[in-house]
Enquirer: 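Sharing a structure below in structure tokens format, with a few things to ask.
Values reported hereafter were calculated over all heavy atoms of this structure, with side chains retained and with hydrogens, waters and symmetry mates removed.
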Amino acid sequence: MKRPTLLEKRHYRFLLIVFALLYLTGFLFINYNAKSRVDSHLTRALETTNVEYKLIYNIYKKSSKLIFKEYVNDPLALNIIQGINETNKDSLRKELFNLMRQPYNVAKSLGVRQLHFHLKNNESFLRMHKPEKFGDDLSEYRYSVKRVNETGKAISGFEQGRVAHGFRFVYPLKSKDGQGLGSVEVSIDTNGFEDMFQNTLYAEAYFLLDKETSLRKLFIDEVNKRYQESLDSSQYLQTKIDEHDANLKEYIKENLASYRESLAADFQTRKAFAKEIKVADEYYSKVFIPIHRIEDQKIIAYFVSSSRSDFLSNTHKDERNILVALFFFILLIVYGLHKNITYSNSLKEKIKEKTDELEASEQMIIESKKMASLGALVAGVAHEINTPVGLSITAMSHFMERTKTLKLHYEKEEMDQEEFENYLSKTDSILKLIFTNLVKAANLIKDFKQLSVNDNHEEKKVVRLKKHIESVVSTLKEHIQKKNIKINLDIDDDIEIFAYADALSVVMTNLIINSVVHAFDDETDALISVKVTKNFKNIVIIYEDNGKGMSEEQVQNVYEPFYTTNRGGGGSGLGMHIMYNLIAQKLEGSINLQSRIGGGVKYVITLND
């Protein structure tokens, strides 16, 4: 049998690689397309379930409001409650029970579980579903009752009780003159909610309850009797009812650890989410809607809906069929390719073409790298000379404005000697500032000429901090004077640091500008203080202002890129981020921020000496 030549071996390896690459590319594309369709379906399922959930919730809310208005908020009922005292509670409770018996039966037909009256001291007066249980103080466990009795305003939402959880709709009871008499609760338990969802929308439904909250609030006997640990997460409980499709439940039990792990990250986001679950040849969509606690909007439960999905099953079936067809289609392509490249001359030509293409690509990469390096250099030059040129332009603009004003006064013969002398004095300072910064820009350009040869960067040097910070303050004098801000520098003359001077300038400039823009409005006692101390190892810069201060959220996010509270005023949200990176990386230091609303800010910057 003839052995294949080296050229033939390469030929077959080439065909194998072509087949693998084509199939892999097709597989990835088909898989991506199927995943996109699945994600879109799950998003629609999530949105639809959320709408259905809110629809049923609003139906119950409107029903409870109707019951309250038509039956409970009745003069006869209010007169009974208004007349309650310690001697007649039992008789009036019976009277109220008899009065509310028929309305309560109507309410139950609408899905209401509880009609519960409370006195204004939060004492349970009458439970229509358990008239024999009364007199318990609900202050500690029923925030909704306590809140309505305190404010006189209705409240609604999800709440965990001592026995059961559900949706509470609590309304105030008031006398004719508006005096609070107590409150009444019209509540729906989750079982009724589940039944309505399942019976009207034909989808499995159940609730997950935060285990920690439930164990803290529920009677332990009720926990053991009514609840079990959820299959979805060990952090949640659910009622002991077989809500799941039998096949789905059995699959989850057999793969409990991996199933819970697949949901763990989504639970951590504390947001609504949807998942697909494969059981044998069937697919299910499962939607989780977070439920917020009535008192503080903390998420303490999830509403879960699951159903078989023909769409998901068909999508994955189509994906498998297309992949099989793709396999044979690419096989046919490779066979045709094999026939076309059998001849050696054709193969050599193709190799030559590939070689030429590779050389062209390599040359393009080299040129691209050159352009990238040039772009970085140009960006660096622009960044470095921006400050001195910008200051010079600002000073020249100010100089031109003052000259224009002086000229106008001269032409109108309104100029006196004092104004002219003041102009000369200010002009001298401005020209010195322009000269200093233009010299600095010229030096920077000179340095960058050397950079193109030596690839040098800014070097560390000894910086006298008092003189350096005074220079920064001087450049920002116009901004500071506009807000009538007093600057207090507490820095010894001999404190020095071996560091990057420009980085220090950017840090101090950003701190001062941040105070000017955000800390002060029209305060007459605006103050910025900078104190510098030196110990054996470190230089500590303490920067403070007595402005508005920051909220806790602002303190947490102040160094985040693009975070700003002044975007409408032109803020980019990059200044403090740049400052933080300069301190942490270039200056190799640390920064700590302390602030509260109305208490100003305090930055403590620690730099290695």
Side-chain angles (χ1 to χ4, degrees), residues 23 25-59 190-208 230-233 236 238-239 241-267 269 271-291 301-329:
Y23 187 77
T25 302
F27 173 83
L28 292 175
F29 175 78
I30 294 167
N31 181 261
Y32 173 80
N33 181 264
K35 186 177 183 305
S36 298
R37 294 176 64 195
V38 168
D39 290 343
S40 297
H41 175 76
L42 293 177
T43 299
R44 290 194 300 271
L46 178 61
E47 293 171 349
T48 301
T49 303
N50 193 38
V51 170
E52 293 166 346
Y53 167 82
K54 289 180 179 179
L55 176 64
I56 293 177
Y57 175 82
N58 287 328
I59 289 173
T190 54
N191 289 340
F193 196 101
E194 293 166 10
D195 290 341
M196 177 175 280
F197 191 93
Q198 293 175 159
N199 293 334
T200 57
L201 301 171
Y202 307 104
E204 302 273 355
Y206 60 96
F207 285 81
L208 300 181
S230 170
L231 295 176
D232 298 315
S233 171
Y236 291 89
Q238 67 185 79
T239 52
I241 299 174
D242 189 357
E243 296 93 348
H244 299 287
D245 177 279
N247 293 336
L248 178 59
K249 181 177 180 181
E250 191 63 29
Y251 167 81
I252 292 174
K253 282 186 174 181
E254 292 176 357
N255 303 274
L256 187 60
S258 59
Y259 171 72
R260 284 181 171 178
E261 185 178 356
S262 70
L263 300 179
D266 293 295
F267 277 122
T269 66
K271 296 179 180 179
F273 63 94
K275 287 287 187 181
E276 70 165 340
I277 304 170
K278 181 179 184 296
V279 181
D281 293 329
E282 293 184 319
Y283 283 83
Y284 293 78
S285 63
K286 202 166 189 179
V287 176
F288 296 78
I289 306 293
I291 301 174
Y302 279 87
F303 174 72
V304 185
S305 171
S306 65
S307 60
R308 287 189 187 89
S309 173
D310 291 336
F311 178 87
L312 293 177
S313 298
N314 291 333
T315 296
H316 289 289
K317 183 179 179 180
D318 291 344
E319 179 186 12
R320 291 191 298 269
N321 292 338
I322 293 173
L323 285 174
V324 171
L326 176 68
F327 177 86
F328 289 104
F329 178 70

Enquirer: Of all the heavy-atom pairs spanning Lys275 and Asp266, show the shortest one and how long it is.
Expert: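 Closest approach of Lys275 to Asp266: CE-OD2, 2.6 Å.
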
Enquirer: Quick check against the 3.5 Å criterion: does Asn314 have a side-chain atom that pairs as donor or acceptor with the backbone of Asp310?
Expert: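 Such a contact is found between Asn314 side chain and Asp310 backbone.
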
Enquirer: Rounded to the nearest 0.5 Å, what separation is found between the CD atom of Glu52 and the OG atom of Ser305?
Expert: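 Result: 7.0 Å between the selected atoms.
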
Enquirer: Excluding sequence neighbours, so at least two apart, what forms ring-ring contact (aromatic ring centres under 6.0 Å, His included) with Tyr283?
Expert: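 If we apply the ring-ring contact (aromatic ring centres under 6.0 Å, His included) test to Tyr283, skipping adjacent residues, the hits are His316.
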
Enquirer: Roughly how far apart are Ser233 OG and Arg260 CZ, rounded to 0.5 Å?
Expert: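 Rounded to the nearest 0.5 Å, the OG-CZ separation comes out at 6.5 Å.
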
Enquirer: Between Val304 and Lys286, does a side-chain contact (heavy atoms from CB on, under 4.5 Å) hold up when you go through it step by step?
Expert: CA-CA 7 Å; Val304 185; Lys286 202 166 189 179; 3.7 Å; yes

Enquirer: Would you confirm whether Ser309, through its side chain, and Leu312, through its main-chain N or O, come within 3.5 Å as a donor-acceptor pair?
Expert: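 Yes, Ser309 side chain to Leu312 backbone: donor-acceptor pair under 3.5 Å.
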
Enquirer: Looking only at non-hydrogen atoms, find the nearest pair between Ala205 and Gln198 and report the distance.
Expert: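 Heavy-atom minimum between the residues: N-OE1, 3.0 Å.
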
Enquirer: Tell me whether the centres of the aromatic rings in Phe273 and Phe267 are closer together than 6.0 Å.
Expert: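 Yes, they do, as the ring centres are separated by less than 6.0 Å.
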
Enquirer: One thing to verify: whether Asp281 and Lys317 come together as a salt bridge, which I'm taking to mean a side-chain N less than 4.0 angstrom from a carboxylate O.
Expert: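 Salt bridge absent between Lys317 and Asp281.
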
Enquirer: In terms of the angle between their ring planes, are Tyr302 and Phe288 parallel, tilted or perpendicular, with boundaries placed at 30° and 60°?
Expert: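 Tyr302 and Phe288: perpendicular rings.
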
Enquirer: Check ring-ring contact (aromatic ring centres under 6.0 Å, His included) between Tyr251 and all other residues, then give those that pass, not counting sequence neighbours.
Expert: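 Once residues adjacent in sequence are excluded, Tyr251 has no partner under the ring-ring contact (aromatic ring centres under 6.0 Å, His included) criterion.
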
Enquirer: According to salt bridge (Lys or Arg N to Asp or Glu O under 4.0 Å), does anything in residues 29-50 pair up with another residue at least two apart or in another chain? List the pairs.
Expert: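 Listed once each, the pairs are Lys35-Asp39.
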
Enquirer: Nearest 0.5 Å please: distance from the CD1 atom of Ile291 over to the CG atom of Leu208.
Expert: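 It comes to 8.5 Å.
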
Enquirer: Do Ser285 and Glu276 pair up side chain to side chain, a donor and an acceptor below 3.5 Å, judged on atom types alone?
Expert: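 No, Glu276 and Ser285 have no side-chain donor paired with an acceptor closer than 3.5 Å.
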
Enquirer: Hey, could you give me the CG/CG distance between Asp318 and Asn33, rounded to the nearest 0.5 Å?
Expert: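 One finds 10.0 Å between CG of Asp318 and CG of Asn33.
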
Enquirer: For Thr49 and Phe303, which heavy atoms make the closest approach, and how far apart are they?
Expert: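 So the two residues come closest at CG2-CE2, 4.3 Å.
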
Enquirer: Which heavy atom of Val287 sits nearest a heavy atom of Ala274, and at what distance?
Expert: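 Taking every non-hydrogen atom into account, CG2-CB, 4.0 Å.
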
Enquirer: Test Asn31 against Leu323 for side-chain contact (heavy atoms from CB on, under 4.5 Å), laying out the working first.
Expert: CA-CA 9 Å; Asn31 181 261; Leu323 285 174; over 6 Å; no

Enquirer: Under 3.5 Å, side chain of Gln238 to main-chain N/O of Phe207, donor-acceptor pair present?
Expert: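 Not at all, since once roles are kept as given, no pair shorter than 3.5 Å links the two residues.
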
Enquirer: For residues Asp232 and Leu263, report the shortest heavy-atom separation together with the two atoms involved.
Expert: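 Looking at all heavy atoms of both residues, the shortest contact is O-CD1, 3.7 Å.
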
Enquirer: For Val279 and Asn247, which heavy atoms make the closest approach, and how far apart are they?
Expert: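 Scanning both residues, the minimum pair turns out to be CG1-O, 3.8 Å.
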
Enquirer: Atom NZ of residue position Lys253 - does it have more than 12 heavy atoms of other residues, nucleotides or ligands inside 6.0 Å?
Expert: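 12 or below, so no.
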
Enquirer: With distance as the sole test, does Asn199 use its side chain to make a donor-acceptor pair with the main-chain N or O of Asp195 at under 3.5 Å?
Expert: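 Pair found, side chain donor or acceptor close to backbone of Asp195.
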
Enquirer: Using a distance-only test with no angle check, is there a side-chain donor-acceptor pair under 3.5 angstrom linking Asn58 and Tyr53?
Expert: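 On atom types as modelled, these side chains do not qualify, holding no pair under 3.5 Å.
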
